[in-house]
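Read through the structure below, which is laid out as structure tokens, and then see the notes.
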Amino acid sequence: MTRLSNYLLPTEKQAPADAEATSHKLMVRAGLVRQLGAGLWTWLPGGWKVHRKVEQIIREELDAIGAQEMSMPVMNPAELWQKTGRYGLSEQFTLADRRGAPMVLAMTHEEPVTFHVAQYVRSYRDLPLILYHLQTKERDEPRPRAGVLRTREFVMKDSYSFDRDAEGLERSYQLHVSAYDRIFDRSGLEWYRVESDVGMMGGSGAHEYMAPCPAGENEVALAPGYAANVEVASAQAASVQLPPALEAPQQVHTPGLTTVADVSEALGVSPGALLKAYPVMVSGRGLVLVMLRGDHHVNDIKLANALAAEARPARPDEFEEVIGPAGFIGPFGVDVPILLDDAVAAGGYVTGANEPDRHLRGVQPGRDFAFERADVRRVEAGDTVNGHSIRIEAAIEVGNIFKLGTRYTEPLGATYLDEQGRQQPVVMGSYGIGPARIVAAAVEQYADERGISWPKSIAPFDVHLVSIGKANTPERELAESVYAELRESGLDVIYDDRDGGPGQKFADAELLGCPVRCTVGRRTAESGEVETQTRRGREAGSVPLDGAAKAAADLWRSLP
RNA sequence: CGGGGCGUAGCGCAGCCUGGUUAGCGCGCGUGCUUUGGGAGCACGAGGUCCCCGGUUCGAAUCCGGGCGCCCCGACCA
């Protein structure tokens with residue numbers, strides 16, 4: 001029984017003043033969620049229905065690959081996290097129980113799940129295992145934002161695979177790829193599976209599932225047959241016109257010109273004909289000079305991966321003595337290791353001269369300075385992959401899959417005896433999905449000026465039945481009977497039985513965004529027809545009053 | 001962590017600079033009548049710790065100090 005006259009769906013004409021993202025505005029306006037505090041959101045009944053529909057899709061597809069659902073506590077003894085070295089992370093909520101024992105609120109569940117696996121798994125016969133749960137996560141995010149998109153408390157589906165070896169992990173990983181592909185397809189999202197950074201977790205492979213939308217916090221590089229997080233993307237750079245080569249570097253006067261734009265303009269060459277020098281301090285190794293084309297940018301994640309170490313930009317006081325004055329540094333005559341970006345083609349470039357107000361023309365890598373090569377630049381729109389131009393889109397990460405290896409199983413002692421009786425560490429994978437982000441991404445991707453337009457698989461209701469006219473009228477009687485029929489047909493129906501004007505009811509229906517709207521009013525009584533409208537495309541139609549529910553169900557089924 | 005902004009009724013806002021009746025407007029809400037196919041009309045009405053604490057003052061939403069909360073941009077983000 002879902003009658004709008006008695007259902008908590010507080011719609012608003014105006015979005016909260018502090019809302020920026022479309023999904024934030026619309027989910028609040030449609031009465032689906034309300035904020036309790038920074039990064040803390042309540043899901044109201046309508047919103048929670050959507051969330052649960054997403055959860056259900058996830059359950060079905062994970063169960064289908066043999067994953068087993070369980071549930072682990074949000075509150076954990078700190079000891080577990082101390083063992084894995086994850087106690088005291090800045091995003092971790094901590095507390096103490098009445099005896100003063102330190103506890104943590106889980107931000108993910110590698111520790112508890114591995115604890116149990118370590119207890120249970122003895123033999124190779126106990127593996128593989130895939131375990132999952134849908135559980136609240138707590139993270140003290142530095143900056144919660146965009147409504148439900150980045151919160152401090154949220155439900156996550158996290159699954160964990162436990163295998164005997166790398167090949168087993170690969171199988172579990174591929175099972176998740178197939179399940180995830182189906183989950184995001186069924187959710188009705190536009191999505192990409194992209195290569196992602198394995199970060200400092202020491203994993204051996206990772207992908208992220210990205211849903212393009214304007215409020216997204218990530219960027220993905222896309223081309224036919226290619227999709228990668230910009231953090232790790234590689235592509236062929238567009239070539240650049242270089243001036244004729246010189247016999248030797250030649251000094252030019254560039255007073256006060258410290259930026260690529262200034263120098264290229266003053267010398268009449270394109271920015272790509274410059275080599276930009278980016279001095280970094282590499283942990284455990286000291287100063288390194290990164291050189292890349294003037295029109296390119298350093299990608300710090302790719303740089304850290306290329307160096308296999310953390311790096312940070314060097315301060316002037318760290319490089320001026322050894323290299324040259326800030327704004328005029330270059331690779332010529334410098335006694336510092338040089339890392340040259342892969343996109344720098346052979347030829348003569350303009351670089352800093354390591355003297356104030358001076359640059360050099362015609363500096364050739366190899367001839368004029370020694371270097372090591374690495375791909376450390378951020379890809380740019382217009383770069384190519386296999387001849388196809390890439391584009392860069394904002395996207396929200398809705399899921400990830402990660403080959404963890406033994407990062408947690410070793411410290412927590414999850415081992416088994418193999419066929420030869422040797423003790424081996426269990427090999428682990430972890431796999432997350434944020435249902436709330438699926439919901440928000442769906443809102444973002446399909447909203448129009450009237451409101452939300454849900455994919456039919458996750459809409460809060462299948463059909464929004466609008467009754468026009470006062471209570472105790474023949475048309476209201478008709479609406480009541482259509483409502484009863486629709487419910488009997490198995491559809492999930494919200495019935496607007498309020499005493500309100502038609503404009504208000506239609507506006508609310510379009511704001512809420514259920515795939516099919518049915519209208520019953522005086523016209524219905526006169527014409528013997530129930531009017532229908534699909535939310536997506538707003539296509540109007542009508543079905544005979546006699547058998548209206550079945551016809552509406554057929555219409556619903558016919559939608560993509 | 002750096003930068004910016006905001007806190008006044010359920011939502012959106014004005015008032016604050018330049019202190020002074022009973023703190024106001026739109027939407028929403030209640031009652032009554034009219035209205036009922038695209039956010040209705042009239043009338044009456046309810047609803048406020050003006051974020052909190054302290055200070056200045058005869059008097060503070062308004063000025064000063066401290067605190068808290070929230071948002072945006074950046075940094076960060078297993």
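Just so we're clear, the structure is a prediction, and the values are computed from it rather than from any experiment. So you know, we letter chains A, B, ... as the sequences are listed, proteins then strands, and number each from 1.
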- Query: With nearest nucleotides of RNA chain B determined for Asn400(A) and Pro16(A) from heavy-atom distances, which residue corresponds to the more 5′ nucleotide?
  - Reply: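 Whichever sits nearer the 5' end wins; that is Pro16(A).
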
- By nearest nucleotide on RNA chain B, pick out whichever of Ala15(A) and Glu110(A) is the more 5' one.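 By nearest-heavy-atom nucleotide position, the 5'-most residue is Ala15(A).
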
Using the [atom1] atom on both, measure [N] against [M] and round to a whole Å.
{"N": "U56(B)", "M": "U62(B)", "atom1": "P", "result": "15 Å"}
{"N": "C52(B)", "M": "G7(B)", "atom1": "C1'", "result": "11 Å"}
{"N": "G69(B)", "M": "C53(B)", "atom1": "C1'", "result": "14 Å"}
{"N": "C25(B)", "M": "U34(B)", "atom1": "P", "result": "28 Å"}
{"N": "C71(B)", "M": "U31(B)", "atom1": "P", "result": "36 Å"}
{"N": "G3(B)", "M": "A40(B)", "atom1": "P", "result": "48 Å"}
{"N": "C13(B)", "M": "U8(B)", "atom1": "P", "result": "10 Å"}
{"N": "G2(B)", "M": "G38(B)", "atom1": "C1'", "result": "49 Å"}

- Message: Is Gln92(A) close enough to A78(B) that one of its side-chain N or O atoms is under 4.0 Å from OP1 or OP2 there?
- Response: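 For A78(B), OP1/OP2 do not have a side-chain N/O of Gln92(A) under 4.0 Å.
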
Polar atom pairs (N or O), protein with nucleotides 73-75 of chain B, under 3.5 Å:
{"from": "C73(B)", "atom 1": "OP2", "to": "Arg143(A)", "atom 2": "NH1", "distance (Å)": "3.2"}
{"from": "C73(B)", "atom 1": "OP2", "to": "Arg143(A)", "atom 2": "NH2", "distance (Å)": "2.4"}

Would you classify [X] as touching base, sugar-phosphate or nothing, given that sugar-phosphate means primed atoms plus P, OP1 and OP2, and contacts are heavy atoms under 4.0 Å?
{"X": "Arg498(A)", "answer": "nothing"}
{"X": "Asp499(A)", "answer": "nothing"}
{"X": "Glu475(A)", "answer": "nothing"}
{"X": "Ala507(A)", "answer": "base"}
{"X": "Glu217(A)", "answer": "nothing"}
{"X": "Thr524(A)", "answer": "base"}
{"X": "Glu141(A)", "answer": "nothing"}
{"X": "Arg34(A)", "answer": "nothing"}
{"X": "Ala509(A)", "answer": "nothing"}

- Item | Pairing nucleotide - G2(B), Watson-Crick or G-U, each distance under 3.5 Å |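 Checking every strand shown, G2(B) finds its partner in C73(B), with both distances under 3.5 Å.
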
- In the strands shown, is C63(B) matched to any nucleotide by a Watson-Crick or G-U wobble pair with both distances under 3.5 Å, and which?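 Here C63(B) is engaged in a pair, and the nucleotide opposite it is G55(B).
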
Can you run down the salt bridge (Lys or Arg N to Asp or Glu O under 4.0 Å) pairs that involve [range], sequence neighbours left out, and say none if there aren't any?
{"range": "residues 25-36 of chain A", "answer": "Glu12(A)-Arg34(A)"}
{"range": "residues 69-84 of chain A", "answer": "Arg59(A)-Glu69(A)"}
{"range": "residues 168-180 of chain A", "answer": "Glu170(A)-Lys403(A)"}

Given atom [atom1] of [X] and atom [atom2] of [N], what is their separation to the nearest angstrom?
{"X": "Asp508(A)", "N": "A40(B)", "atom1": "CG", "atom2": "C1'", "answer": "15 Å"}
{"X": "Ile468(A)", "N": "G38(B)", "atom1": "CD1", "atom2": "C1'", "answer": "9 Å"}
{"X": "Lys25(A)", "N": "G12(B)", "atom1": "NZ", "atom2": "P", "answer": "13 Å"}
{"X": "Arg517(A)", "N": "G39(B)", "atom1": "CZ", "atom2": "P", "answer": "13 Å"}
{"X": "Leu404(A)", "N": "A78(B)", "atom1": "CG", "atom2": "C1'", "answer": "9 Å"}
{"X": "His24(A)", "N": "C11(B)", "atom1": "NE2", "atom2": "P", "answer": "13 Å"}
{"X": "His207(A)", "N": "A78(B)", "atom1": "NE2", "atom2": "P", "answer": "18 Å"}
{"X": "Arg29(A)", "N": "G39(B)", "atom1": "CZ", "atom2": "P", "answer": "15 Å"}

- Task: From the options A78(B), U35(B), G38(B), select the nucleotide whose nearest atom is closest to the side chain of Lys470(A).
- Result: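 Nearest nucleotide to the side chain: U35(B).
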
- Item | Shortest side-chain distance from Glu12(A), nucleotide among G38(B), A78(B), C11(B) |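 Closest nucleotide among those given: C11(B).
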
- By ring pair (Phe, Tyr, Trp, His ring centres under 6.0 Å) - contacts of Trp454(A) (at least two apart):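 Trp454(A) satisfies ring pair (Phe, Tyr, Trp, His ring centres under 6.0 Å) with no residue once adjacent residues are dropped.
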
- Item | For Tyr160(A), all residues meeting ring pair (Phe, Tyr, Trp, His ring centres under 6.0 Å), sequence neighbours excluded |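 Not a single residue meets the ring pair (Phe, Tyr, Trp, His ring centres under 6.0 Å) criterion with Tyr160(A).
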
- Message: Check whether Ser187(A) reaches the backbone of Leu189(A) with its side chain - one donor and one acceptor, N or O, closer than 3.5 Å.
- Response: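 Side chain of Ser187(A) to backbone of Leu189(A), a donor-acceptor pair under 3.5 Å: no, none is there.
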
- Would a distance-only check, ignoring hydrogens and angles, find a side-chain to backbone donor-acceptor pair under 3.5 Å from Tyr483(A) to Thr2(A)?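 Yes, Tyr483(A) side chain to Thr2(A) backbone: donor-acceptor pair under 3.5 Å.
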
- Please, which pairs that meet side-chain hydrogen bond (donor to acceptor under 3.5 Å, both in side chains) have at least one residue in residues 463-473 of chain A, sequence neighbours excluded?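 Residue pairs with at least one partner in residues 463-473 of chain A: Ser467(A)-Arg476(A).
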
- Taking only residues at least two apart or on different chains, which pairs with a member in residues 435-446 of chain A satisfy side-chain hydrogen bond (donor to acceptor under 3.5 Å, both in side chains)?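 Only Ser23(A)-Glu444(A) qualify under side-chain hydrogen bond (donor to acceptor under 3.5 Å, both in side chains).
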
- Message: Between the base of G38(B) and the side chain of Glu510(A), is one N or O donor paired with an acceptor at under 3.5 angstrom?
- Response: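 Yes, the side chain and the base share a sub-3.5 Å donor-acceptor pair.
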
- Query: Can you find a donor-acceptor pair, distance only, under 3.5 Å between Arg407(A) side chain and A78(B) base?
  - Reply: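 Checked by distance alone, the answer is no.
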
- Message: For Phe506(A), does the six-membered ring have the charged nitrogen or CZ of Arg517(A) within the cation-pi criterion, i.e. under 6.0 angstrom from the centroid and within 45° of the normal?
- Response: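 Yes, a cation-pi geometry.
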
- Partners passing side chain to side chain contact (heavy atoms under 4.5 Å, CB included) against Thr94(A) (at least two apart in sequence or in another chain):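 Expected list: Tyr87(A), Gln92(A), Val104(A).
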
- Under the side chain to side chain contact (heavy atoms under 4.5 Å, CB included) test, residues paired with Glu153(A) that sit two or more places apart: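 Scan of Glu153(A) (side chain to side chain contact (heavy atoms under 4.5 Å, CB included), adjacent residues dropped) gives Leu40(A), Thr136(A), Glu138(A).
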
Check nucleotides 25-34 of chain B for protein N or O atoms closer than 3.5 Å to its own N or O atoms and list the pairs.
{"from": "G26(B)", "atom 1": "N2", "to": "Gln14(A)", "atom 2": "OE1", "distance (Å)": "3.2"}

- Could you tell me how the ring of Phe184(A) sits relative to the ring of Trp191(A): parallel (under 30°), tilted (30 to 60°) or perpendicular (over 60°)?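 Plane angle between 30° and 60°, so tilted.
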
- If you look at every heavy atom in Cys514(A) and Pro460(A), which pair is closest and at what distance?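 Heavy atoms only, the tightest pair is SG-CG, 4.1 Å.
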
- Nearest atoms (heavy-atom pairs only) where Val427(A) meets Asp165(A):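 Smallest interatomic distance, heavy atoms only, reads CG2-CA, 3.7 Å.
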
- May I ask you to list the residues of residues 430-445 of chain A, by number, that have any heavy atom positioned under 4.0 Å from an atom of RNA chain B?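 Those residues whose heavy atoms fall under 4.0 Å from RNA chain B, taken from residues 430-445 of chain A in numerical order, are Ser430(A).
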
